[in-house]
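Report on the following structure.
Just so you know, these numbers come straight off a predicted model, no measurement behind them. So that the names make sense, note that chain A is the first sequence line, chain B the second, and so on, each numbered from 1.
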Protein chains: 2
Amino acid sequence: MTTTAARRERQRIQLIDAAEKAIAEKGLPGLKARELAQEIGCALGAIYNLVADMDELVLRVGSRTLARLDAALSAAENEATPVSARQAADRLVAVALAYCAFARDNLQLWRVLFEHRMAEGAVVPDWAVSEQMTLFRHILEPLSVLVPDRAEPERMLMSRTLFSAVHGVVAIGLEEKLIAVPRRDLDRQIEGLVHLVCRGLAVST
Amino acid sequence: MTTTAARRERQRIQLIDAAEKAIAEKGLPGLKARELAQEIGCALGAIYNLVADMDELVLRVGSRTLARLDAALSAAENEATPVSARQAADRLVAVALAYCAFARDNLQLWRVLFEHRMAEGAVVPDWAVSEQMTLFRHILEPLSVLVPDRAEPERMLMSRTLFSAVHGVVAIGLEEKLIAVPRRDLDRQIEGLVHLVCRGLAVST
DNA sequence: GAAAAATCTTGAACATCGTTCACAAAGTTT
DNA sequence: AAACTTTGTGAACGATGTTCAAGATTTTTC
């Protein structure tokens, strides 16, 4: 006999599954409490026994997306730790392209990571914040090879900057509000930007 | 005696004023049709004689924001047309910092430019799309000095990339979902990025 | 094992939205 | 002045997230 807590846990996962699917297919506005309840076969009010509110649900989906994104970036780091500047640059390009590919393949879910805003007054829980930091890790390592002389905090800041820059190119490139950038061009933009930055770093002695 | 059309036009402006104020103070979720109606002293339904729907209203506010942003960037281009690479780089830095300052000072309105999504099925009108293109202009001119040998379409793409990169740094830097970046650090990040790109461009023969 | 207590589930009800629409008011034309 | 057209009005509609009293279920107690 399954205990109540276990069943609830199973239902919570079903709920997040359904929410993830809904967002992936129809975007954040396509996430409806009533549809979710019907999907997982429970009453409307029962959702609030599984999550506090819709915000938490969105954050949980975001957590999953972040984990998959992290895995995708890790997969792009196929080789061993880079030692030469050339290898470091190649890895940065690979990670950036993987980021772009992930965003394209998971457009709606990826957008939620950045576009979702908590309800008035609500605050983002700590675990959600700290999760995001893991992204910079993929940049910090190759960057340490490129600029070994800089202090760690400064390298951390540079990681953040480089990540943000690539993110910006991807975000605006995939924004259909502007004229859509063809896939090939977008990849070339990213490659060009990362190469440019690496070249700039190489000269900076 | 004021004609009906003129009065309506005046009311439309009042409506956009009120909407702009509401968004600036409380963000996009703070934009309520009923509050706007009360603010400008008309019936709820009368709003739909002034604009087609809320989407159009948001778009019109965005148009204003874009115009002010354009003016702010223009103001940052105080000197004459850059001729040397050094001048071009300085101007790019100045424009980027002005972009950051504008975003910070108009946080909610600036966000709407990128985060607002049209209702299901609705399409962004042409005028809204073409307006956005004007932003790249501020980058294209200095960039033409830095890389005069590249073809125009490629320079256009580079402008877009550089703009997007700076935009990304600003967007993530001002995102309170992550740990907030102090103003000074954010400015330094941007300056560093633009300098890095310029240096990379200078070496690229 | 049955009764009692605690817990969970339910779906109707509530508060808010944007949006519509029949009707009244105002303006325009004949 | 009367007929017609346009415009303004706010109640009503359909969605939405969230709550809550009451019924169903599980757990505890003796």
Side-chain angles (χ1 to χ4, degrees), chain A residues 1-16 18-20 22-23 25-62 112 115-124, chain B residues 1-16 18-20 22-23 25-62 112 115-124:
Chain A
M1 178 52 98
T2 73
T3 166
T4 333
R7 179 175 48 84
R8 222 149 84 149
E9 199 50 46
R10 226 176 322 125
Q11 237 182 349
R12 198 197 314 274
I13 292 176
Q14 276 183 44
L15 177 64
I16 303 175
E20 190 174 19
I23 294 178
E25 288 176 0
K26 298 171 289 181
L28 201 49
L31 191 68
K32 313 281 172 75
R34 283 168 178 77
E35 286 184 12
L36 292 177
Q38 181 154 14
E39 180 87 11
I40 70 175
C42 76
L44 176 55
I47 287 181
Y48 295 87
N49 297 336
L50 304 175
V51 290
D53 52 21
M54 284 302 200
D55 268 355
E56 185 193 325
L57 189 51
V58 173
L59 285 177
R60 293 204 180 280
V61 171
V112 168
E115 294 185 2
H116 171 65
R117 295 239 127 70
M118 303 284 290
E120 179 77 16
V123 76
V124 183
Chain B
M1 174 56 98
T2 73
T3 165
T4 335
R7 181 175 46 84
R8 226 153 76 152
E9 198 50 47
R10 229 178 318 126
Q11 239 183 345
R12 199 198 314 275
I13 291 176
Q14 277 183 44
L15 178 64
I16 303 176
E20 189 174 20
I23 294 178
E25 289 176 359
K26 297 172 291 181
L28 200 49
L31 191 69
K32 313 280 171 76
R34 283 168 179 78
E35 286 183 12
L36 292 177
Q38 181 154 15
E39 180 86 12
I40 70 174
C42 76
L44 177 55
I47 287 181
Y48 295 87
N49 295 338
L50 304 174
V51 288
D53 51 21
M54 284 302 205
D55 267 355
E56 185 192 325
L57 189 51
V58 173
L59 249 43
R60 292 204 181 277
V61 171
V112 168
E115 294 186 3
H116 171 64
R117 295 241 127 67
M118 303 286 288
E120 179 77 16
V123 76
V124 183

- Message: When the axes are fitted on five pairs at both termini, how much does the helix from dG1(C)-dC30(D) to dT30(C)-dA1(D) curve, in 10° steps?
- Response: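 Computed from the C1' atoms at both ends, the axes differ by 10°.
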Rounded to the nearest angstrom, tell me the gap between atom [atom1] in [X] and atom [atom2] in [N].
X: Glu56(B); N: dT19(C); atom1: CD; atom2: C1'; answer: 15 Å
X: Gln11(B); N: dT9(D); atom1: CD; atom2: C1'; answer: 13 Å
X: Leu44(B); N: dT7(D); atom1: CG; atom2: P; answer: 19 Å
X: Met54(B); N: dT20(C); atom1: CE; atom2: C1'; answer: 14 Å
X: Asp55(B); N: dT19(C); atom1: CG; atom2: C1'; answer: 12 Å
X: Leu50(B); N: dG18(C); atom1: CG; atom2: C1'; answer: 15 Å
X: Ile47(A); N: dT19(D); atom1: CD1; atom2: C1'; answer: 13 Å
X: Tyr48(A); N: dA12(C); atom1: OH; atom2: P; answer: 16 Å

Quick one: side-chain contact (heavy atoms from CB on, under 4.5 Å) partners of [X], sequence neighbours excluded?
X: Glu9(B); value: Arg12(B)
X: Gln14(A); value: Ile40(A)
X: Gln38(B); value: none
X: Ala37(B); value: Cys42(B), Ile47(B)

Extract from the structure each pairing of a protein N or O with an N or O of nucleotides 21-24 of chain D at less than 3.5 Å, listing the distance.
none

- Query: Of all heavy-atom pairs between Asp55(B) and His116(B), which one has the smallest distance, and what is that distance?
  - Reply: OD1-CE1, 3.1 Å
Qualifying salt bridge (charged side-chain N to carboxylate O under 4.0 Å, His left out) pairs with a residue from [range], counting only residues at least two apart or across chains:
range: residues 40-51 of chain A; value: none
range: residues 42-52 of chain A; value: none
range: residues 44-53 of chain A; value: none
range: residues 27-39 of chain A; value: Lys21(A)-Glu39(A), Lys26(A)-Glu35(A)

- Using salt bridge (Lys or Arg N to Asp or Glu O under 4.0 Å) as the criterion, list what pairs up with Arg60(A), not counting sequence neighbours. Glu56(A)
- Message: Around atom CD of Glu120(B), are there more than 12 heavy atoms from other residues, nucleotides or ligands closer than 6.0 Å?
- Response: no
- Near DNA chain C, under 4.0 Å by heavy atom, which residues of residues 29-39 of chain B?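 Going residue by residue through residues 29-39 of chain B, the ones with a heavy atom under 4.0 Å of DNA chain C turn out to be Leu31(B), Lys32(B), Ala33(B), Arg34(B).
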- Message: Is there a side-chain contact between Arg8(A) and the phosphate of dT9(C), meaning an N or O under 4.0 Å from OP1 or OP2?
- Response: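 Result: yes.
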- Query: Between dT9(D), dT18(D), dT10(C), which nucleotide gets closest to the side-chain atoms of Asn49(B)?
  - Reply: dT9(D)
- Selection from dG8(D), dT10(C), dT19(D) that lies nearest to any side-chain heavy atom of Arg7(B):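 Output: dG8(D).
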